[in-house]
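Here's the structure, in structure tokens; my notes come after.
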Amino acid sequence: MSQGPELIITEKDNAARRIADILSGDSATADREQGVNVYKWGGKRCIGLSGHVVAVDFPQEYSDWRDVEPVELIDAPIEKNPTKQNIVTTLKKLARRARRVIIATDYDREGELIGKEAYELVRRVNESTPIDRVRFSSITEESVTTAFENPDDLDFNLAAAGEARQVIDLVWGAALTRYLSLSAGQLGSDFISVGRVQGPTLKLIVDREREIEAFDPEDYWELFVDLTQADKPIEVSTDDTAAEFEAQYFYHADDGTEAERITEESTAKTVFETLESASIAHVDSVKRRTRTDEPPAPFNTTQFISAAGSIGYAAQRAMDIAEDLYTAGYITYPRTDNTVYPDELDPRELIEALTNGSRFGSDARDVLDQETLSPTTGDEETTDHPPIHPTDELPKPSELDDDKWEVYELIVRHFLATVSNPATWEHLRIVAIVDDTYSIKSNGRRLLNPGYHAVYPYSNATESLIPDIEDGETLRLIDSRIEAKQTQPPRRYGQSRLIETMESMGIGTKSSRHNVIQKLYNRGYIESDPPRPTQLARAVVEAAEEFAELIVSEEMTAQLETDMQAIAEGEETLESVTSASRSILTDVFKKLMNTDAEIGDHLQRSMKADKTIGPCPQCEGDLITRKSQAGSHFIGCDSYPDCEYTLPLPSTGKPHILETVCDVHNLQQIKMLAGKRSFVHGCPLCEAEAADEQADRVIGTCPECNAHADGELAIKRLRSGSRLVGCTRYPDCEYSLPLPRQGEIDVTDNICDEHALPALQILEADENTTKDKTTKESDDIWELGCPICNYREYQSDQTDSSTLESVHGIGAKTAEKLKDAGVDTVSALKSAEANTLADRVDGVSVDRLRKWQSTAD
DNA sequence: GCAAGGTC
């Protein structure tokens, strides 16, 4: 038996650090080996993986799509290859002389598989060392110590269940993806993918679009009246009653249910005439009830994404921010299904810590004043991670940018809400009769006790007040309205709703659902937000429905879950389950192979339809959006190379075809998508023609070539729609300076001393231009100044914030703070003196400095 | 270059 150290392996670095701290009593130190943290204390080492560090794949000889028939992938061998070489190498090096190995990956199925992957890597270099497995539900002192005192064995059956999923997903996904791509002649980066999770998700979106298109609206009418109490003078109002209130006409349908919609126009008019001519109504019933309104359950990933969505964050963006908040130590792990706080969480202690928060401290204190503090519970309790909640480490306001603050505050307030009292409402329902015939009703609600709403402004707590009316009272009719409406088609899924639906269907995981949606965007299957399916998406779903129904059905996951359960319980094996699945896929391919050309043609036509903007002005062909070999987008004719007609597009963003058609050229307008810098380009032919017509405006001499030639600088408009200050000798001289895309350019009499160029200003620039708001003088005029000085300033702004941010993950604000404190950022990052540095810079935690320092080498 | 699942 070797005398080497004991090696602890966790699923991620963050967990490794916290476990090392707990087991060592904070005495562990971190060494960096090949960019991997190894925590060390006594005779122990602790290393964090990065999820799966190996991946299943086909052998090299199967990698050429043209040489291998997709059907051959079904029975091809599968191998596991390292994907994080540095971690694998470091792990093996440590394992070689380890006296004992303890696997401490997450306590869930995927964690068991990741643990088994580590197990196999260890065994490759060390055949005999004992390997144990520990399981704990939260990384707290008590749970971790108890787990390490009671080591167990790896559950190989559970890991095999995970492996079955890997194999089935790879085989089905790769074989069908290659088949569809090849049949449509798509060999480049625009391949056509399908998979067990993306398939049904895409079908959800396509099915909804089909419902919307098939929807046949029906007319209906609704009637409303405005009322006051007859025995009170008009306009008397106390604090919680309104003098005037609204009621709606209703009747009882044949089945006895209450209905408001009238489907016959003549009936609606008859009722309306009566309401209009009536002057009073008699109160028939008054019902009062008190309702409690329970605070929300703790946040799991889906509910967090949904709440963030309601304050304007797309799913991916919300998760990116949550990831940042988690690595900075401000919130717990953001990928969780759990909606029950663990016993180890002491709400009182955490709320007390939150009382120090600048934006929510007083709300936290109010919650502490409650008589009881019992958190709500959701209906899912898992063993891997707690629900998302803030930690007791609070960020200083300057440490987070506005978006991060907003999301952080949402998480804090949601936590406070889950430990707050319920709200109570008084509901008041009044029914009155008009002309002894027609019923009208009014529903009011009044907040008796705001409860959790006091700390959670994201929930709806709108009151709708109606007067305190009594049974038998007479009401005065002031006004009546008839509203003609139409039934509406079902709404498209928003990203949050899509993720919620995926969860309820059991497809995808807490960590993967938002990525799947992103993938559908990247594959050209959906566009805009809320997502709409492209023609290609419809064609893929149609093809799958006909020949490979399982790959767009949630049944595939349901069956797989059943099979995995059986493997985990030892009733089935990895081998039996995967071979049954392979045989089903073989049958699918038998059907597919009989239909070759059909599917490919359909996919091709749909792909072309997604790119077409209208007729080519020079031939019978269609203009489509295309991409040059260099990667830039342009408009070209689909008859190329017979027709070489092209139009340029702006260089920023990806083109998106709008439904609006230019009535001069019959071409659809184009929007360039570039996140927050997206803008509408319009009809590309109109843009090109406008540029052709506009003469260059000379403003000075060219600094690059004027010494040896006679180049002049001019304001130019390009056919792509962009504008610049450039040399008149272009293309012989390529000197140019950028100008904003929109707003009228005004040349002033102010000449720059250094460059002898006039200052420019932009008039009537609208909100969508790319200008930097801080340089804006007023709402209407943007003083650009000398174009050379302006460009120089713009460039230095770019490098200041972006290099530090991209290289070291330091935000622009923090970089500035470091500079203000007299710390040279680069050398600070290389220095090991985190504590001393943190003292000098207010608001930068030692943890974060350590993190940055680890990126500096 | 394919999937889905981890994580950064």
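Proteins get letters first, then strands, A, B, ... in listed order; numbering begins at 1 in each. Everything numeric here is computed off the predicted structure, so don't read it as measured data.
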Are the charged groups of A/D587 and A/K590 less than 4.0 angstrom apart, N to O?
yes
Do the side chain of A/N37 and the main chain of A/A30 share a donor and acceptor less than 3.5 angstrom apart?
no
In terms of ring plane angle, is the pair A/F58 and A/Y62 parallel, tilted or perpendicular, where the classes change at 30° and 60°?
tilted
Partners passing side-chain contact (heavy atoms from CB on, under 4.5 Å) against A/E527 (at least two apart in sequence or in another chain)
A/T534, A/H656
Per-nucleotide protein contact string for nucleotides 2-7 of chain B (B base, S sugar-phosphate only, - none; heavy atom under 4.0 Å):
BBBBBB
Are the ring centres of A/Y326 and A/Y333 closer than 6.0 Å?
yes
Taking all non-hydrogen atoms of both residues into account, name the closest pair between A/Q60 and A/E79 and its distance.
N-OE2, 4.4 Å
Tell me the stems DNA chain B sits in, counting at least three consecutive Watson-Crick or G-U wobble pairs, each under 3.5 Å on both distances.
none
Does this structure show an ion pair linking A/E399 with A/K404, if we count only N-O contacts that are shorter than 4.0 Å?
no
